[in-house]
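Here's the structure we're looking at; comments come further down.
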Amino acid sequence: MSSPHYPVFLCEIIENLQPQHGKKYLDCTFGAGGYTKAILDTSNCFVKALDQDPTVYKYAEKLGTKYKERFEFIQGNFANIKELSRGERYDGVVVDLGVSSMQLDEKERGFSFMRDGNLDMRMSSSGYSAADFIASASEEEMAEVIYKYGEEVQSRQIAKMIVQERQKEPITTTVRLAEIVRKSMHYRKSKIDPATKTFQAIRIYINKELENLESFLGNLNDILNPGARVLIVSFHSLEDSIVKSFFKNHSLKKVARSKYAPEPENYDESKWLKIISKKPILPTTREIRENHRSRSARLRVAQKIGGIR
Ligand SMILES: C[S@@+](CC[C@H](N)C(=O)[O-])C[C@H]1O[C@@H](n2cnc3c(N)ncnc32)[C@H](O)[C@@H]1O
């Protein structure tokens, strides 16, 4: 059976992770298991996989049957990776941010305005939903979220129209929200649907996507073995700039130094990473042609240097 999710950068992930016999890897965003399966097929290693979405269990069960003691799945949020790891350390970690095709395709999940479903958008299927946000946020809060997480310059008039419309009738479906957003906009700058940025903003906000990424990065050093590689795939500039600055802030600037010069005396503990991909890795034209979703993807790679703290 083919995978319901077409994994982005699959070759680049394996090439850069360099899975090795007997080592232990962490896949923080299991989805349909595309990365996990490729890692397990490449070498006789162990993979621990994580996803906050309980509906991916069925894919994990299948891999469990095939790879048995080489694979373990836990449902959880990667923001809590330190607690979930319980002292374990890994020789490499992959993170494929954003939503899966399964989440987008199931209209009941409410991620896509192309399909009419309840306004939900919760990856973990629990907690505060998009409908809760639309029903309860003030006009100012809504405008701020749409601007901050959707980088939508027409956020104020969108928020104003949402508030006017919800007074007439509660907004509970994706298609109705998309229509309200389109109606509120004075002009269209591009060919993409005008509701795209607002939907992205609400999804990022209610799932706390940027906060989760920050917490994960903050815990990273504590769960990696020296030499472990960190591979992060992002789909929009807000995520990518968090990853880029984290890698930059924790890596040593390359300074031209003679090979005979002594090592610098003041070793800086905060610089525990080496950047492997100087520029983000972008999808090839072939990958974009085969998988349209990959067009906005970028992959950054770094490696842990130094010893265990
Ligand atoms: C793009 S898909 C991953 C697809 C996967 N690489 C594959 O090959 O099938 C992203 C997945 O990450 C999960 N996810 C997103 N944020 C998460 C978080 N903070 N903690 C755990 N899982 C998360 C989503 O539920 C979704 O299943």
Side-chain angles (χ1 to χ4, degrees), residues 1-14 16-17 19 25-42 47-63 71-85 92-106 109-112 120-128 149 200 203-220 223 230-236 238-240 242-243 283 287 290-299:
M1 198 186 88
S2 65
S3 173
H5 178 92
Y6 194 124
V8 175
F9 290 131
L10 197 53
C11 295
E12 293 84 349
I13 291 289
I14 297 303
N16 283 282
L17 186 68
Y25 299 92
L26 175 67
D27 179 353
C28 281
T29 48
F30 178 75
Y35 288 1
T36 292
K37 185 173 180 315
I39 299 167
L40 288 165
D41 283 342
T42 306
V47 176
K48 181 162 183 160
L50 193 74
D51 204 296
Q52 62 174 331
D53 186 340
T55 69
V56 306
Y57 260 124
K58 50 182 177 287
Y59 307 109
E61 265 177 6
K62 261 175 110 181
L63 291 201
F71 169 67
E72 183 194 349
F73 174 80
I74 41 173
Q75 189 205 336
N77 192 315
F78 59 61
N80 309 320
I81 192 59
K82 203 166 157 187
E83 297 78 62
L84 293 169
S85 293
V93 52
V94 291
V95 187
D96 183 12
L97 294 164
V99 277
S100 66
S101 302
M102 296 81 77
Q103 288 165 337
L104 285 171
D105 292 344
E106 281 170 28
R109 305 289 306 263
F111 283 100
S112 168
D120 189 315
M121 297 196 203
R122 294 169 300 177
M123 289 191 198
S124 65
S125 300
S126 62
Y128 189 63
Y149 299 115
Q200 173 190 297
R203 192 203 82 209
I204 293 176
Y205 175 70
I206 68 149
N207 287 293
K208 300 191 168 65
E209 292 181 29
L210 304 185
E211 292 91 330
N212 289 338
L213 178 59
E214 303 258 19
S215 309
F216 167 76
L217 292 170
N219 284 316
L220 200 50
I223 57 149
V230 183
L231 281 69
I232 306 187
V233 178
S234 60
F235 287 88
H236 54 78
L238 298 171
E239 289 167 345
D240 185 54
I242 293 176
V243 178
E287 173 147 27
E290 285 172 3
N291 177 15
H292 191 56
R293 194 179 160 259
S294 69
R295 70 197 181 285
S296 47
R298 44 201 57 216
L299 165 65

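Every value quoted in this text rests on a predicted model; they were computed, and no experiment measured them. Note that the numbering runs from 1 along the sequence shown for the chain. Ligands are counted one by one from 1 in listed order, and the atoms in each one are counted from 1 as well.
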Any atoms of ligand 1 less than 4.0 Å from a non-hydrogen atom of Asp53? List them with their elements.
-> 25 (O)

For Cys28, atoms of ligand 1 separated by under 4.0 Å from a heavy atom = 21 (C), 22 (N)

Number the atoms of ligand 1 from 1 as they appear, then name those within less than 4.0 Å of a heavy atom of Leu97, with their elements.
-> 1 (C)

Do any N or O atoms from the side chain of Tyr35 and from the backbone of Val8 form a donor-acceptor pair under 3.5 angstrom?
-> yes

Do side-chain atoms of Asn219 reach the backbone of Ile81 as a donor and acceptor pair under 3.5 angstrom?
-> no

Residue, atom name and distance, where the atom is the protein heavy atom closest to atom 19 (N) of ligand 1 = Asn77 OD1, 2.9 Å

Hey, is Lys208 one of the residues with a heavy atom under 4.0 angstrom from ligand 1?
-> no

Top protein contact for atom 17 (C) of ligand 1, by heavy-atom distance | Gln52 NE2, 3.2 Å

Do Phe78 and ligand 1 have an N or O pair less than 3.5 Å apart?
-> yes

Which residue supplies the protein heavy atom nearest to atom 6 (N) of ligand 1, what is that atom called, and how far is it?
-> Asp96 OD2, 2.8 Å

Looking only at non-hydrogen atoms, find the nearest pair between Phe30 and Ala49 and report the distance.
-> CD1-CB, 3.5 Å

Euclidean distance, Cys28 SG relative to Leu231 CG, rounded to 0.5 Å = 11.5 Å

Minimum-distance pair of heavy atoms, taken over all atoms of Leu63 and Gly33 | CD1-O, 4.1 Å

List the closest protein heavy-atom neighbour of atom 1 (C) of ligand 1: residue, atom name, distance to the nearest 0.1 Å.
-> Val99 O, 3.4 Å

Is there at least one pair of N or O atoms, one from Pro7 and one from ligand 1, spaced under 3.5 Å apart?
-> no

Relative to the ring of Phe73, is the ring of Tyr57 parallel (under 30°), tilted (30 to 60°) or perpendicular (over 60°)?
-> perpendicular

Taken to the nearest 0.5 Å, the spacing of Gln75 CD from Thr55 OG1 works out to 9.0 Å

Determine whether the side chain, the backbone, both or neither of Val8 has a heavy atom under 4.0 Å from any heavy atom of ligand 1.
-> neither

Over all atoms of both residues, closest heavy-atom pair of Ile204 and Leu210 = CG2-CG, 3.9 Å

Specify the closest pair of heavy atoms between Ser100 and His5, including all atoms of both residues, with the distance to one decimal.
-> CA-ND1, 3.5 Å

Please write down residue, atom name and distance for the protein heavy atom closest to atom 9 (O) of ligand 1.
-> Ala32 N, 2.9 Å

Leu10 near ligand 1 by a heavy-atom separation under 4.0 Å = no

N/O to N/O below 3.5 Å, does that happen between Gly34 and ligand 1?
-> yes

Going by the atom numbers of ligand 1, which of them fall below 4.0 Å from some non-hydrogen atom of Arg293?
-> 1 (C)

Proximity to ligand 1 by part of Thr29, non-hydrogen separation under 4.0 Å | both

So, does Gly33 sit close enough to ligand 1 that a heavy atom of it is under 4.0 Å from the ligand?
-> yes

Could you say whether the N/O atoms of His5 and ligand 1 ever approach to under 3.5 Å?
-> no

Between Asn207 and Met121, the two heavy atoms sitting closest are ND2-O, 2.7 Å

Can you tell me the protein heavy atom closest to atom 15 (C) of ligand 1 and the distance?
-> Met123 SD, 3.3 Å

Between Phe9, Phe30, Tyr35, which one has a non-hydrogen atom sitting closest to atom 5 (C) of ligand 1?
-> Phe30

Quick one: CG on Asn77 to CD on Glu83, what's the gap to the nearest 0.5 Å?
-> 10.5 Å

Any donor-acceptor pair under 3.5 Å linking the side chain of Arg122 with the backbone of Gly127?
-> yes

Does an N or O from Asp51, backbone or side chain, lie closer than 3.5 Å to an N or O of ligand 1?
-> yes

By number and element, which atoms of ligand 1 are closer than 4.0 Å to a non-hydrogen atom of Gly76?
-> 20 (N), 21 (C)

Check each heavy atom of Glu209 against ligand 1 and say whether those closer than 4.0 Å belong to the side chain, the backbone, both or neither.
-> neither

Derivation of the side chain to side chain contact (heavy atoms under 4.5 Å, CB included) call for Phe216 and Leu220 | CA-CA 6 Å; Phe216 167 76; Leu220 200 50; 3.6 Å; yes

Look at the side chain of Asp51 and the backbone N and O of Asp53, then say whether any donor-acceptor pair between them is shorter than 3.5 Å.
-> yes

